[in-house]
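First comes the structure, then the notes that go with it.
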Protein chains: 2
Amino acid sequence: MNAPRTARERARAELTKEILSAAKHQLGEVGPSALSLRAVARELGMASSAIYRYFPSRDELLTALILDGYNDIGSAAEGADDPAAEPGERWLAIWRAVREWSMSHRYEFALLFGTPVPGYAAPQETATAAGRMPLALARVLSDAKAAGKFRPPPGPSCDPSLVEPGMLDLMPGEDLVVDEVARGILAWNRLVGVISFELHGHLNNVTADDAGFFEYTARMEGTVAGVPFGDA
Amino acid sequence: MNAPRTARERARAELTKEILSAAKHQLGEVGPSALSLRAVARELGMASSAIYRYFPSRDELLTALILDGYNDIGSAAEGADDPAAEPGERWLAIWRAVREWSMSHRYEFALLFGTPVPGYAAPQETATAAGRMPLALARVLSDAKAAGKFRPPPGPSCDPSLVEPGMLDLMPGEDLVVDEVARGILAWNRLVGVISFELHGHLNNVTADDAGFFEYTARMEGTVAGVPFGDA
DNA sequence: CACAAAACAGAGCGCCGCTCTTGCCCTGAG
DNA sequence: CTCAGGGCAAGAGCGGCGCTCTGTTTTGTG
């Protein structure tokens, strides 16, 4: 149904992909704010004005890249998750995969979680893609709960009015109560936050072993969220 | 000693301040990546080339703004801290003050903790300014420990090789051991991270009451760090 | 008062995002 | 097969950007 029917449409779809790929390649070197539409055009050997036949503005191109990035990092998280493994192992595997992706795609990570382009408002279509990575984390919590391997330590409780009601039943399996969802949100926030700190250099002269500290963070955050670790 | 001696130096120092102030004012509207040196010059009614007598490049201006921002947010944190109050109250007061500053200076916050300008490397001079805000948090922990009001819950331990040795004795009062320092680092990371999420819109359709969720986060993170709260 | 140094304005370079015009060529209807 | 219509690309151009270079004005001092 969405297969291109005419040769024109086929060529259009292909060139759109090529532009996105070139832009992605550019992102590997210069960072989102410096991503130049003209440079992308140069890389493809076309006039800069021709790009506008495919993306109405630079921001639209960035939005497409954001969508791509969310799906990439979501795939990395999902791909690292082995549902048959123990919750602690699953948790760590996802965290490591997300960090690894972020390290090797630092500018794409910046595009997703750094300063948004001024005036940019996340289109609703990106929401599902953006949710894939945190959902992978939530699945581990939900599965652990269903398997009776869920031990959230005591702590302040979260008033149900603080989180969106829809957040409570987006899991296909065992549902999480509001306190558990809140800690899941915090874990997602932590995963992004600690990688941001590392990438932005805020941990320079603070931590001595970034990978090791990340591992510690993953365990700590998992523990707070309720994931049991064998050695903890 | 650093008072300007000649009228010229006085004028130069004043104009430097004016440029910085105008740039700060610009930052209130457009965001770091869009901060235009020419616009700053226009606001001051001078030629854009004249700015270069005071700041050798746009990045140098941004660095000056970063230093200013770190001191601002550090002052906000320190100013909100009443050393005579209970640890829990101090903790919450600092968190609230930092959030409030960040909300009303969102672009300066982005400048400090968002995507760094490409190729920017934090000069060492900014380190002490950048440390003021987290140090305010650490002081609460240290004081609480000295007063016997320090109750860090169990959790994974942090290997001493993971944090910089200097981090262990930068407190004038009661020293913190590595596990406590590690949790302090995480609390600092959380404070920045949760504000980033809120400012960047990642909590849209996730939390329903951002201020309330922040309050919950502050309590949760304080609890993990070892701060006792009366009602928790 | 004369003079060197500091400050400044303006033009200009190459880059940017974006628009408009021009012409090509593929497509599908007559 | 012919031929108009439309998708398409290229180029010039607009205003703005960071930054530099060149003269001119201002300023403090011997």
Item to check | Heavy-atom pair of closest approach, residues A/V178 and A/P160 | outcome: CG2-CA, 3.8 Å
Item to check | Distance, rounded to the nearest Å, where A/R10 contributes CZ and D/dC8 contributes P | outcome: 14 Å
Checklist entry - Is there side-chain contact between A/L37 and A/F55, with at least one heavy-atom pair below 4.5 Å? => result no
Next on the checklist: Over 60° means perpendicular and under 30° means parallel, so tell me whether B/Y70 and A/H202 are parallel, tilted or perpendicular.
Outcome noted: perpendicular
Item to check | Cationic N near anionic O, under 4.0 Å, B/E221 to A/R190 | outcome: yes
Item to check | Integer-rounded Å distance: D/dT20 P and B/R58 CZ | outcome: 14 Å
Item to check | B/D59 CG - D/dG18 P separation (whole Å) | outcome: 10 Å
Next on the checklist: Looking at A/L199, is its backbone amide N or carbonyl O close enough to the side chain of A/R106 to form a donor-acceptor pair, meaning the two atoms are under 3.5 Å apart?
Outcome noted: yes
Checklist outcome for this item: Against the side chain of B/A39, the closest entry in C/dA7, C/dC16, D/dC17 is D/dC17
Checklist entry - Looking only at heavy atoms, what is the nearest atom pair of B/F113 and B/I73, with distance? => result CE1-CD1, 4.2 Å
Item to check | B/E18 CD to C/dA7 P, straight-line distance once rounded to whole Å | outcome: 15 Å
Next on the checklist: What is the distance, to the nearest angstrom, from the CZ atom on A/R12 to the C1' atom on C/dC26?
Outcome noted: 15 Å
Next on the checklist: Within 45 degrees of the ring normal and closer than 6.0 Å to the centroid, is that where the cationic atom of A/R12 sits relative to A/Y54?
Outcome noted: yes
Checklist outcome for this item: When A/F214, A/W188, A/Y216 are each screened for ring-ring contact (aromatic ring centres under 6.0 Å, His included) with A/W95, the one that passes is A/F214
Checklist entry - Over how many whole Å does the gap from B/Q26 atom CD to D/dG16 atom C1' extend? => result 13 Å
Sort me out a list of protein N/O and nucleotides 9-12 of chain D N/O pairs below 3.5 Å, or just none if empty.
| unit_1 | atom_1 | unit_2 | atom_2 | d |
| --- | --- | --- | --- | --- |
| D/dA9 | OP1 | A/Y54 | OH | 3.1 |
| D/dA9 | OP2 | A/Y54 | OH | 3.0 |
| D/dA9 | N7 | A/R53 | NE | 3.4 |
| D/dA10 | OP2 | A/A47 | N | 2.9 |
| D/dA10 | N7 | A/S49 | OG | 3.1 |
| D/dG11 | N7 | A/S49 | OG | 3.4 |
| D/dG11 | O6 | A/S49 | OG | 2.8 |

Checklist entry - What is the nucleic acid contact for A/L35, judged by heavy atoms within less than 4.0 Å: base, sugar-phosphate only, or nothing? => result sugar-phosphate
Next on the checklist: In this structure, how many angstroms lie between the C1' atom of D/dG18 and the CZ atom of B/R42, rounded?
Outcome noted: 13 Å
Could you write out each protein N or O paired with an N or O of nucleotides 27-30 of chain D at a distance under 3.5 Å?
| unit_1 | atom_1 | unit_2 | atom_2 | d |
| --- | --- | --- | --- | --- |
| D/dT27 | O4' | B/R8 | NH2 | 3.3 |
| D/dT27 | O2 | B/R8 | NH2 | 3.4 |

Checklist entry - Judged by atom type as modelled, is there a donor-acceptor pair below 3.5 Å linking the side chain of A/R183 to the main-chain atoms of A/V224? => result yes
Checklist entry - Reckon B/I51 touches a base, only the sugar-phosphate, or nothing at all at heavy-atom distances under 4.0 Å? => result nothing
Item to check | Between C1' of C/dC18 and CG of A/L37, the distance in whole Å | outcome: 9 Å
